[in-house]
Structure formats: C-alpha cells, structure tokens
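Below: the structure, in structure tokens.
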2 protein chains.
Amino acid sequence: MRPSIKQVALEAGVSIATVSRLLNKPDSVSIDSASRINQAIEVLGFRPNFTGRNLRAGRSRTVGVVVPTLSNTVFAQCLQGVETAARQRDYSVMFTATEYRQQDESAAVELLLAHRVDGIILTVTNADASSTLDVLDRERIPYVLVYNQPQQTARPSVSVDNRAAAHEAVSHLINLGHIRIQMLSGQFHASDRALQRYHGYRQAMHEHGLQVLTPIEIPRHTYAALSSEHLQIFRDPLRRPSALFCSNDLLALSVMRDLRAIGLRVPDDVSVMGFDGIPLGELMDPMLSSVAQPSEQIGKLALRTLVRAIEEPQDGQGPASTQLLPHTVRLGGSVRTFHS
Amino acid sequence: MRPSIKQVALEAGVSIATVSRLLNKPDSVSIDSASRINQAIEVLGFRPNFTGRNLRAGRSRTVGVVVPTLSNTVFAQCLQGVETAARQRDYSVMFTATEYRQQDESAAVELLLAHRVDGIILTVTNADASSTLDVLDRERIPYVLVYNQPQQTARPSVSVDNRAAAHEAVSHLINLGHIRIQMLSGQFHASDRALQRYHGYRQAMHEHGLQVLTPIEIPRHTYAALSSEHLQIFRDPLRRPSALFCSNDLLALSVMRDLRAIGLRVPDDVSVMGFDGIPLGELMDPMLSSVAQPSEQIGKLALRTLVRAIEEPQDGQGPASTQLLPHTVRLGGSVRTFHS
DNA sequence: ATGAAAGCGCTAACAT
DNA sequence: ATGTTAGCGCTTTCAT
C-alpha cells in the first residue's frame, strides 16, 4: 500500500489533521509543521488519494463523456475540447463510446454514475426519446448533450442548428442549379441529427418546389461503401442525382471514392456536399464542400456549461436550454453549378 | 445524498453485509432476502458507489490514457481500441491529452495517480528519457507505452517497428527510381517515433548510396503549412526532392495540399509517402501511400497487456518487453516511378 | 495552531 | 445464511 496521510503524519510527528490542512489550506499550518510535513511527503513519496477525498466530499471532480465513436473525427475533436477545458478547471474526464448502440448508452451512463462522476457530457441516439436521459433528469445528475438538438424536450445541449444548417447547404445546391438532389445518410434511427438534417433538406426542396428524393440510407455512419444496387443507379445518368447531400463528411468522402471507382467525376458528374467540416476535408482534392461545425468549441462550451451546473446547483432555475453555435457552409471544389 | 447500502439494508430489513453480499456474490444470500433487497434497491433507486468500494479495495478498475492529441486520428483510434477492450473487461478509462508538451506528461500522470488508476497507457515524447516513466517504474505502477518503441530501456510497449517500417517505405521509393528523397517531419524532439523513422530513412538511403537530405522539420505534428522558404525550394525542379517521406499522414496530406497550391502535381512532380495509414488516406485521390499501423489493435493489445500486469502482479518476472505489431506499406497513387 | 474523533460507502473477517 | 465490526484515506467539526 502507498503511504497515506497517516504515515506522513507519523513521519512528521504531527496529527493527520495537520497534514490534511497543509494539503488544503496551507496558510493554517505553522511554518515549522509545514516544512516537516513537506519533508515527510518527499521522503515517503506521498501522493494524495482522491478516492478517500471523494468519498468524504461526495464529489469527484470528474466528468463522464459518452459519444458514439471516435472513428468520426468530430467526436474526437469534441472530446479534445472537453478534455482541454476540463484540465484547465482541474477536472478529469472518464470516456466511453457506444458504437451507435442505444442499449450501450444506458450501460455507459450507469457505469459513470457508479463512479460518481459529477456530471456527464453525451451524444445520444435520440435526445427526445431517451430513457438514459430520463434517468439523469429524474436523479438530477447534471448533464449536457453535444450534437443532439432536442426538439420536444427541454434538455441542456450544445450544437449547431442542424435543420437550418442543412437547409442552407441544400439551398446552396439549389441556387447552383441542381434539381435532383438526394440525401445520403447512415441509419436515421441511430442519429437524430441525421434526421434533422434530412428535415432541413426536405424543407429546402419543398420551398423550391423540387422533388424530395428518398434518401440513400446505408448501414453505418462512418466509413461505408455504397451497395451495388446504389452504384447501379449512379451509373444511369437519368436516375442518379446531380448532387448528393451527405449526413456527414466520412460518408461524403466514402461516396466520392465509390463514385470515382465507377468512373464518375466529382463535381462534374455529381456534386457532393458533406456535413461536419472535418479538417481533412480541406486537404482533399477537390476540397470537400461541407457544413462546418465548431466541434472543439462544442466540447469546450459543453464542459463549461456542465461545470457551471455542477458548481452552482441552483437547480431548476431557468429551463434547460439548447445553446446553438454558428455553423459555416464551407465551399470547395466538390460542388459545382448544374446546367441541364 | 444518494442512497447507500445502509438505507437499502434498512429498507429491506437486513444488515448492510447482506446487501453487500447480494451485490458481490448473489448466491450466498437467501432467496427471500434477495428479493427484499432487490425491491429496496428498486424503490430507493440505489446505485453502488465505486468510490467506497475502491477505497476499500485499493483498486479502481480504471486505467488512465495519456496521448499527445486527438487531432491525429491514430491516437483517437488507439483510444477507441483501449476503451473497447477496457469495457469488455469492466474497466473504465480516464483520458488526458498533452498537446506534445513534455511538461504536461508528468502533470497528467500525477493526476491519474491521485485518482488511483490501476495502470496507465501512454505515449510520451521520448520513451528513453522520461522522468514520468522513471516515476512509474520506481513506484511500480503498471503501464504500457503505445507508439513509443524504447531503444535503450526495457519498458513495456506496443508499437510497430518504426525504423524498419520507414526503411521499407523509403526502400520502396528507391526501388521506384527515386534518388532525391527527403523527409518531412514535425519537431523530432517532440516525437521519438518521428526520429526513429528518420533513422530508417537514413539507413535506406545509405544502403543505396544515396545522399541523405536534411529533413524538413516543421513546427507541428498535425495540420501544418509549409513555410514560404520551403515552398520556394519546391518551385525549383532542381532543388526539390522527387519524393517526400512524411513522418505522419496528416503532414503528408497537408503538404500535398501545399504542393497543389503552387501548381505541382502529386505524384507527377513529387511523390508523397505518409506514415500511419489513417483511414481517410484511402479515400483521397490520389490515394495516399502510407505505412499503415494497426492503431486500434495497438490500443487493444496495450489494454490487454496492462490488465494482465495489473491482475497478475508477478512483478519483475521477465523483463518488460516491446511488442511489435506488423505494419503494411500501403501503396496508392500518391507515389509513382521516377525516371531522370 | 493543533489534535481527537466521527463518518463518507463499502467489503471482509469473524462470529453466530 | 446473516449480523457485527473494523478500516480503507480523507476532511471537518469540536476541543484545546
């Protein structure tokens, strides 16, 4: 066993209370005791044990983070932002991924709660219907959603306005002359933001009197290959869309590769618009057009919001609110004008 | 305060020991008590408090992870691998980033140790000269390095053979006819693997009697732009290398963008080889040639190794060893043959 | 300024 | 099968 304040106290010839005082408010300890204790700490290689401290305090200065995957850069960047902001405030971060499995969300949260994290930052499958969030609400555990943008429920969250952003991106494609615009997405039931983006797409199409096409829904939200059926459609100039609006950049880049593989050129044969604005998109040739989200900022703001909720438990004051951060439609060479 | 086993015991009309037993070895509790306790747990919304358990047990079933950044996908993938493997074994993960700052490494580790993590998975600046690792060695804290490949010291690690891998990649370029091959890297002093890759480069060049060129060393290991001085060199067909070997894929993709910006074509004017094999490299056009590391596997193996060390403290048995995982030189269109 | 002591939640040894 | 109890490391009254 490593040394505790007990052995330090013994070594320094003081009581454990005095050691604890030196650790917490050094001013309340005589200069003499202080130096003896510090020496004892040095000699023994003492390191405070947060487990004891936390048990006593009922707090852990630790926050939990639950996201679907780190394979998608946005979540990695967000986690990065959370961690940076947490470290600045002397908070630690416990991390979990769910692989987009809804049933894993509750297990992950349960585990974090057992560890007595002070709060949780998370992205769930569906923020408006989540038993996991119900639990957190009921037990008054501070939490902040990231990327989710609850519509029906008042839940603290940080995101961009998915629908408006998608609307803006699709409107841009329409303004470029595109008429057959189709959405490409992972399973909608696994991502409420993807669905919201679809709503934005649909709204834009409606507003311009354009036909809403059935989205291409593929099994995964990360690297995915188009099925041969879908490829078959793309081979037909009359059946394929002239522009694709993808629910995220990974899918956009994947489909661009697939299109190249069957001899189609981006943007000449098909324009491609992504969502997320991952840094690597800017390095592509052609550069990926995308709706950029400030992922690291989302993480930082979520952490700040969470810490505020943790440290100022003024409870239900002011309804839980969605914080919308600005998005930017980033234009690159993957999109061009369309002339019929 | 949330309910503890104490209130559960009270509610169920049993002693706290019985509650604890139900939680740990349910078989040792009568069917009658069990149901009463379970009901009490339900009613009170009891959730075990790991803080108490950990304090008592002297273990936390938590591992710490320290990497330079999540901006580089390799570390995100590795963390993903660690987390997946940890969850399978009912371990939790505490995560920290250092931004390549050596001084942040020790602070991060100190914090993790205060939290009494059972072990640490980390990537350090220099695995052969790290006071942080010295501390872990001295205090017998189980740890496993990832990506680092210690040369002088016997330290547990999981990585590819950086030198051999670089040697192989550069030899490939040489076999394609390249003569002026230059390395592009972030600061060597911030990454021992980058330096090892340079050694591999140098060895390959020597073996073929080719001139070792001074590496282009740029400030950051992630997204970086070439300085105008360097760009000037690339504008001159006689001074620029015909092939670039980059210490990681982020730099490779960045430099490809910079080269395009000044009108050079990859691979026609300059061939580019990366390192890491990030998934997005395969989606590029031309596809990025790279030395692929099995990042997720590295994370998983590191976690398995760490857990073994934690749970079977057979101490210094068998010297700490480096586990080398196979790399693959992935060939893509970013590299072509060179004819003088 | 310092010490004694209680107690945070839990497990395990011991007793019954 | 169950209860009693000590103690993990720490902070914080309450005394002195």
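Note that the structure is predicted; figures quoted are calculated from it, not measured. Within every chain, numbering begins at 1; the chains are lettered A, B, ... in the order of the sequence lines, protein sequences first and strands thereafter.
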> Rounding to a whole Å, what distance do you find between B/His115:NE2 and D/dC10:P?
Replying inline: 14 Å
> For B/Arg53, what residues pass the side-chain contact (heavy atoms from CB on, under 4.5 Å) criterion, not counting sequence neighbours?
Replying inline: B/Asn24, B/Pro48, B/Phe50
> Are A/Thr18 and C/dA1 close enough that a side-chain N or O sits under 4.0 Å from OP1 or OP2?
Replying inline: no
>> What is the separation between atom CZ on B/Arg59 and atom C1' on D/dC8, rounded to the nearest whole Å?
In response: 14 Å
> B/Ser191: what forms a side-chain contact (heavy atoms from CB on, under 4.5 Å) with it, not counting sequence neighbours?
Replying inline: B/Arg193, B/Ala194, B/His221
> Quick one: CD on A/Gln7 to CD1 on A/Ile41, what's the gap to the nearest 0.5 Å?
Replying inline: 12.5 Å
> B/Asp134: what forms a salt bridge (Lys or Arg N to Asp or Glu O under 4.0 Å) with it, not counting sequence neighbours?
Replying inline: B/Arg155
> Can you list the residues that meet the salt bridge (Lys or Arg N to Asp or Glu O under 4.0 Å) rule with B/Arg101, with sequence neighbours excluded?
Replying inline: B/Asp104
>> Whole angstroms only, please: what is the CG-P distance between B/Leu22 and D/dG3?
In response: 13 Å
> Within the pair A/Ser30 and C/dA1, is there a side-chain N or O less than 4.0 Å away from OP1 or OP2?
Replying inline: no
>> Treating primed atoms plus P, OP1 and OP2 as sugar-phosphate and everything else as base, which nucleotides of nucleotides 6-11 of chain C get B, S or - for protein heavy atoms under 4.0 Å?
In response: BBBBBB
> For the helix from C/dA1-D/dT16 to C/dT16-D/dA1, what angle lies between the axis at the first five pairs and the axis at the last five pairs, to 10 degrees?
Replying inline: 40°
>> Using the side-chain contact (heavy atoms from CB on, under 4.5 Å) criterion, which residues pair with A/Ser60? Sequence neighbours excluded.
In response: A/Asn54, A/Thr62, A/Asp118
>> What is the separation between atom CZ on A/Arg36 and atom P on C/dA1, rounded to the nearest whole Å?
In response: 15 Å
> Hey, does the side chain of B/Ser33 come within less than 4.0 Å of D/dT2's phosphate (OP1/OP2), counting only N and O?
Replying inline: yes
> With sequence neighbours left out, what residues match A/Gln323 under side-chain hydrogen bond (donor to acceptor under 3.5 Å, both in side chains)?
Replying inline: A/Thr305
>> Tell me every residue that passes side-chain contact (heavy atoms from CB on, under 4.5 Å) with B/Glu139, counting only those two or more places apart in sequence or in another chain.
In response: A/Arg2, A/Arg47, B/Val135, B/Ile141
